[in-house]
*Asks:* 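Below you will find the structure I want to go over with you.
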Amino acid sequence: MGTQDEAAPAAAALGGPRALSGPSGPVPDVQSDRSEPDPHEVARQIVLRQLAMAPRSRAELAQKLAQRGCAAEVAATVLDRMTQVGLVDDEAYAQMLVRSQQAARGLAKGALARELRAKGIENHLADEALASISDEDERDRARALVGKKLRAMHGMGIEVQTRRLAGMLAGKGYSASVTYAVIREAIADAPEYLPD
């Protein structure tokens with residue numbers, strides 16, 4: 001038969017009278033002993049995790065910090081420091097976004113300007129980034145998009161082809177003047193419309 005000392009741990013495990021006491025008295029509440037995490041360090045870690053996933057603008061990072069409950073002044077301090085060390089750079093971000101979105105999606109300046117605004121890029125930085133695309137670059141990209149799409153539309157009427165091509169280019173932000181000039185050229189050069 002067990003002694004009283006052997007029964008004490010069992011009683012404690014079952015929530016008995018000694019559950020909250022140790023050999024020298026009550027066990028302190030562990031949660032109340034913990035210090036609060038440094039809000040600046042928490043914000044810094046959130047920013048670093050976001051940047052590890054993908055490049056982000058300062059405005060996007062500020063929005064993420066606000067969503068996670070960081071105080072505005074803490075967010076501003078952390079983002080200022082990240083900007084000083086070059087981890088947050090809206091100018092470089094805008095340039096990268098313009099290059100990648102024009103190459104990957106064929107977006108025109110109008111659509112790229114909307115993307116930059118949505119990312120919180122300041123107007124002067126957006127204008128500088130968009131200046132890297134010349135009118136001829138934009139027209140060449142529109143030609144490539146139309147040429148690729150037109151090959152998949154063989155046998156459709158000119159009106160249908162024109163309407164679909166115009167819709168595609170409009171969705172990518174091309175102006176009506178560029179759109180219709182490029183479509184006219186492409187249809188005129190298409191083998192199915194060349195005279196025998």
Side-chain angles (χ1 to χ4, degrees), residues 34-150 152 163-183 186:
R34 287 188 189 142
S35 59
E36 287 294 315
D38 176 23
H40 290 85
E41 181 57 25
V42 170
R44 193 176 77 81
Q45 290 301 322
I46 292 169
V47 169
L48 291 174
R49 278 195 299 274
Q50 289 294 309
L51 292 173
M53 290 188 284
R56 311 236 189 247
S57 68
R58 182 182 174 118
E60 288 177 297
L61 292 167
Q63 183 180 28
K64 183 57 74 174
L65 290 171
Q67 288 169 357
R68 298 289 297 274
C70 292
E73 59 274 9
V74 170
T77 301
V78 169
L79 291 173
D80 285 347
R81 179 65 183 142
M82 295 287 189
T83 301
Q84 286 171 355
V85 299
L87 290 174
V88 176
D89 184 343
D90 277 359
E91 182 178 0
Y93 177 77
Q95 296 283 348
M96 178 276 306
L97 187 80
V98 164
R99 281 192 309 273
S100 66
Q101 293 298 304
Q102 204 219 9
R105 296 173 57 199
L107 298 184
K109 285 184 184 179
L112 290 167
R114 287 191 294 277
E115 292 259 330
L116 291 168
R117 272 197 306 276
K119 303 287 187 186
I121 300 297
E122 293 178 17
N123 288 337
H124 73 281
L125 295 176
D127 291 344
E128 285 173 22
L130 293 169
S132 66
I133 302 173
S134 71
D135 291 344
E136 196 51 43
D137 291 338
E138 192 166 85
R139 194 176 283 260
D140 287 345
R141 192 68 181 106
R143 282 190 193 105
L145 289 166
V146 166
K148 182 178 178 184
K149 182 93 171 162
L150 193 56
R163 190 172 60 249
R164 290 189 181 180
L165 292 168
M168 181 220 16
L169 289 180
K172 292 182 180 292
Y174 289 90
S175 68
S177 60
V178 168
T179 293
Y180 287 104
V182 167
I183 291 171

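Any value given below was found using the heavy atoms of this structure, including those in side chains, with hydrogens, waters and symmetry copies removed.
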*Asks:* To the nearest 0.5 Å, what is the distance between CD1 on Ile183 and CZ on Arg163?
*Replies:*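 Going from the CD1 atom of Ile183 to the CZ atom of Arg163 covers 11.5 Å.
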*Asks:* In terms of side-chain geometry, is the basic nitrogen of Lys172 or Glu138 positioned less than 4.0 Å from the acidic oxygen of its partner?
*Replies:*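 No, Lys172 and Glu138 are not salt-bridged.
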*Asks:* Can you tell if the side chain of Val98 reaches within under 4.5 Å of the side chain of Leu116, non-hydrogen atoms only?
*Replies:*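 Val98 reaches Leu116 side chain to side chain.
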*Asks:* Taking it one step at a time, do Asp90 and Glu122 satisfy side chain to side chain contact (heavy atoms under 4.5 Å, CB included)?
*Replies:* CA-CA 8 Å; Asp90 277 359; Glu122 293 178 17; 5.7 Å; no
*Asks:* Return the minimal non-hydrogen interatomic distance between Leu125 and Ala94, and the atom names on each side.
*Replies:*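 Residues Leu125 and Ala94, closest heavy atoms: O-CB, 4.2 Å.
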*Asks:* Take Val74 and Val42 through the test side chain to side chain contact (heavy atoms under 4.5 Å, CB included) and record every step on the way to the result.
*Replies:* CA-CA 10 Å; Val74 170; Val42 170; over 6 Å; no
*Asks:* Could you tell me which non-hydrogen atom of Asp89 sits nearest to which non-hydrogen atom of Gly86, and how far apart they are?
*Replies:*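 So the minimum-distance heavy-atom pair works out to CB-O, 4.5 Å.
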*Asks:* Without hydrogens or angle criteria, can the side chains of Glu91 and Gln95 be said to hold a donor-acceptor pair below 3.5 Å?
*Replies:*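 The answer is no; no qualifying pair exists.
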*Asks:* Identify which one of Arg56, Glu60, Arg58 satisfies the side chain to side chain donor-acceptor pair (under 3.5 Å) criterion when paired with Tyr93.
*Replies:*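 That would be Glu60.
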*Asks:* Do side-chain atoms of Ser57 reach the backbone of Lys119 as a donor and acceptor pair under 3.5 angstrom?
*Replies:*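 Side chain of Ser57 to backbone of Lys119, a donor-acceptor pair under 3.5 Å: yes, one is there.
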*Asks:* For Glu115, enumerate each residue passing the side chain to side chain donor-acceptor pair (under 3.5 Å) test, keeping only those at least two apart in sequence or located in another chain.
*Replies:*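 Arg105.
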*Asks:* Find the distance between CZ (Arg139) and OG (Ser175) and round it off to the nearest 0.5 Å.
*Replies:*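 So the CZ of Arg139 and the OG of Ser175 are separated by 8.0 Å.
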*Asks:* Go through it in stages, so that I can follow the logic: the residues are Leu145 and Tyr174, the test is side chain to side chain contact (heavy atoms under 4.5 Å, CB included), and I'd like the CA-CA distance, side-chain angles, deciding distance and then a yes or no.
*Replies:* CA-CA 11 Å; Leu145 289 166; Tyr174 289 90; 3.8 Å; yes
*Asks:* Report yes if some heavy atom in the side chain of Ile121 is under 4.5 Å from a heavy atom in the side chain of Leu97; otherwise report no.
*Replies:*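 Result no, sub-4.5 Å side-chain heavy-atom pair not found.
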*Asks:* Testing the basics here: between Gly120 and Ala59, what is the closest heavy-atom pair and its distance to 0.1 Å?
*Replies:*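 What the structure gives for the nearest pair is CA-CB, 3.7 Å.
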*Asks:* Taking Lys109 first and then Asp127, would you say they form a salt bridge - that is, a charged N and a carboxylate O separated by under 4.0 Å?
*Replies:*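 A salt bridge is absent here (no side-chain N lies under 4.0 Å from a carboxylate O).
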*Asks:* Go through the steps for Val146 and Met168 under the test side chain to side chain contact (heavy atoms under 4.5 Å, CB included), then give the verdict.
*Replies:* CA-CA 9 Å; Val146 166; Met168 181 220 16; 4.3 Å; yes
*Asks:* Which pair of heavy atoms, one from Ala75 and one from Leu65, lies closest together, and at what distance?
*Replies:*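 Looks like CB-CD1, 3.7 Å.
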*Asks:* Show the nearest heavy-atom pair for residues Asp137 and Ser132, with the distance to one decimal.
*Replies:*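 Answer, listing the atom of Asp137 first, then Ser132: OD2-O, 3.9 Å.
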*Asks:* So with a 6.0 Å cut-off around CD of Glu128, is the heavy-atom count from everything else above 12?
*Replies:*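 Yes, enclosed.
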*Asks:* Hey, could you give me the CG/CD1 distance between Leu51 and Ile46, rounded to the nearest 0.5 Å?
*Replies:*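 Answer for the CG-CD1 pair, Leu51 versus Ile46, is 12.0 Å.
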*Asks:* Could you check if a side-chain atom of Leu48 sits within less than 4.5 angstrom of a side-chain atom of Met82, using non-hydrogen atoms only?
*Replies:*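 Yes, their side chains come closer than 4.5 Å.
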*Asks:* Please report the closest heavy-atom contact between Thr179 and Ala166, naming both atoms and the distance.
*Replies:*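 Scanning both residues completely, I find the closest heavy atoms to be CG2-CA, 3.7 Å.
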*Asks:* What distance do Ile133 atom CD1 and Asp140 atom CG have between them, rounded to the nearest 0.5 Å?
*Replies:*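 Going from the CD1 atom of Ile133 to the CG atom of Asp140 covers 12.0 Å.
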*Asks:* Might you confirm whether atom CZ of Arg143 has over 12 heavy atoms from other residues, nucleotides or ligands at distances under 6.0 Å?
*Replies:*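 Yes, because the 6.0 Å sphere around CZ of Arg143 holds more than 12 heavy atoms from other groups.
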